[in-house]
Amino acid sequence: MIKNKKWIMKEIKQHLWETEGESYTGYEAGIDFVKALIEEAEPQLNENQQIVLGWLKAYADSDNGDKPISSIGYMMHFIRANVLEKSVRNAYFELTRKQQIEVLQAFAEWGLNHDRN
């Protein structure tokens, strides 16, 4: 979810320029700065995105959720069949294209860190 390499390099160079001559605690200061930079670069999901992501995670964790892409497919099927919970359905329809992509990205990252094999 990092903005891009060029942006990160610019931010690091700016930080080094601004802190030139200051005494560092060394390694820890660098780690703290990089963590803060990554947090800043990660988009925060809005309420509708969190609702949709929550449903995808819950379905992927269910006995039926063997495959991550199946979770997405079933969500679409449940929407077309008008059987998806109203709150999830409404949240989904409120998402812009970019917000949908951010949900997919967050779902992929969650899946990579939550692999059930």
Let's go through Q99 and L45 carefully: what are the C-alpha distance in whole Å and the side-chain angles of both, what is the deciding distance for side-chain contact (heavy atoms from CB on, under 4.5 Å) to 0.1 Å, and is it a yes or a no? CA-CA 8 Å; Q99 290 169 341; L45 299 183; over 6 Å; no
Reported OG-to-OH distance for the pair S87 and Y92, which is rounded to 0.5 angstrom: 15.5 Å
Hphob cluster co-occupancy, L56 + I69, side-chain heavy atoms under 4.5 angstrom: no
In terms of ring plane angle, is the pair F78 and W55 parallel, tilted or perpendicular, where the classes change at 30° and 60°? perpendicular
Measure the CG-CD distance between L53 and E109 for me, rounded to the nearest 0.5 Å. 10.0 Å
Selection residues 79-99 - residue pairs positive for salt bridge (charged side-chain N to carboxylate O under 4.0 Å, His left out), sequence neighbours left out: K98-E102
The test is side-chain contact (heavy atoms from CB on, under 4.5 Å); show your working for I72 and L104 and say whether it passes. CA-CA 9 Å; I72 297 164; L104 292 174; 3.6 Å; yes
Given the rule that I, L, V, M, F, W and Y join up when any side-chain heavy atoms are under 4.5 Å apart, are M76 and I101 in one cluster? no
Holding to ring pair (Phe, Tyr, Trp, His ring centres under 6.0 Å), I want the full list of residues that pass it with F107, two or more places apart in sequence or in another chain. W110
When clusters are formed by joining ILVMFWY residues with side-chain heavy atoms under 4.5 Å apart, either directly or through shared neighbours, do F93 and I51 land in the same one? yes
Is there a side-chain contact (heavy atoms from CB on, under 4.5 Å) between Q49 and L95? Walk through the geometry before answering. CA-CA 7 Å; Q49 288 173 305; L95 299 179; 3.5 Å; yes
Run the numbers on V52 and M75 for side-chain contact (heavy atoms from CB on, under 4.5 Å), then give the verdict. CA-CA 9 Å; V52 172; M75 176 178 268; 3.8 Å; yes
Are I79 and Y59 grouped together when hydrophobic residues (ILVMFWY) are joined by side-chain heavy atoms under 4.5 angstrom apart? yes
